Participant: 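Can you read through this structure? Questions will come right after.
Since this is a predicted model, take the numbers as computed values, not measurements. Hydrogens, waters and symmetry mates are skipped; everything else that's a heavy atom, side chains included, is used. The first residue in the sequence is number 1, and the count goes up from there.
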Amino acid sequence: QTAVRGVWQYRVKGNTWDRLEPFCVPRADTRLVVLKGHLCAFGGFTPEGLPISSMEVCKLDKKGPWSIFGLPPLVGAVTDAVAHYGRAFVLHRPLEAFAAAGSV
């Protein structure tokens, strides 16, 4: 997996792509949800393959910049995320599972 900083927004009307501000931290396999007008990027992996236990948030109407927020209760990798009625729900794999598999 390649960690990236670039984020793009597709506009159906006009069939165009707009570049958003880049992530603060390069991320591979991150999970994105839209929550109350913000694009939230949960978890992912560093370029070295280590799990990222933070999220970045970007206000959609301004296309950036991103802000980092720690996720202390989620020490591990986010494996899925979804937003529903103003809440974000995430599934994560604890860091201990990576250590047991020899990934950390």
Participant: Is any NZ, NE, NH1 or NH2 atom of the basic residue among R31 and D29 found under 4.0 Å from an Asp or Glu carboxylate oxygen of the other?
Facilitator: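 Salt bridge: yes.
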Participant: Sequence neighbours left out, what passes side-chain hydrogen bond (donor to acceptor under 3.5 Å, both in side chains) with D61? Give chain and number order.
Facilitator: none
Participant: Is there a donor-acceptor pair under 3.5 Å between the side chain of T30 and the backbone N or O of G43?
Facilitator: yes
Participant: Considering non-hydrogen atoms only, spot the tightest contact between L35 and G86 and give its length.
Facilitator: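 Heavy atoms only, the tightest pair is CD1-C, 3.4 Å.
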Participant: In Å, rounded to the nearest 0.5 Å, how long is the span from SG of C58 to CD of E21?
Facilitator: 7.5 Å
Participant: Supply the members, apart from V7, of the Ile/Leu/Val/Met/Phe/Trp/Tyr cluster built from side-chain contacts under 4.5 Å; use none for a lone residue.
Facilitator: L20, F23, L32, V34, L39, L60, W66
Participant: Test question: given the 4.5 Å side-chain rule for I, L, V, M, F, W and Y, name all other residues clustered with Y85, or answer none.
Facilitator: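 Members other than Y85 - counting any ILVMFWY side chain reachable under 4.5 Å - there are none.
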Participant: List the residues meeting side chain to side chain contact (heavy atoms under 4.5 Å, CB included) with R5, not counting sequence neighbours, and say none if there are none.
Facilitator: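 Once residues adjacent in sequence are excluded, the partners of R5 under the side chain to side chain contact (heavy atoms under 4.5 Å, CB included) criterion are P22, P26.
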Participant: Output the distance between atom CZ (R87) and atom NZ (K36), rounded to the nearest 0.5 Å.
Facilitator: 9.5 Å
Participant: Check step by step if side-chain contact (heavy atoms from CB on, under 4.5 Å) holds for F42 and V33.
Facilitator: CA-CA 8 Å; F42 289 95; V33 299; 3.5 Å; yes
Participant: Could I get the full list of side chain to side chain contact (heavy atoms under 4.5 Å, CB included) partners for V57, not counting sequence neighbours?
Facilitator: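 Checked V57 against side chain to side chain contact (heavy atoms under 4.5 Å, CB included); matches are H38, C40, M55, F69.
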Participant: Drop me the distance from C24's SG to I68's CD1, to the nearest 0.5 angstrom.
Facilitator: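 CD1 of I68 is found 4.5 Å from SG of C24.
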Participant: Do S54 and R27 touch side chain to side chain, with heavy atoms closer than 4.5 Å?
Facilitator: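 Sidechains of R27 and S54: in contact.
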Participant: The criterion is side chain to side chain contact (heavy atoms under 4.5 Å, CB included); which residues satisfy it with R11, sequence neighbours excluded?
Facilitator: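 Checked R11 against side chain to side chain contact (heavy atoms under 4.5 Å, CB included); matches are Q9, T16, D18, K63.
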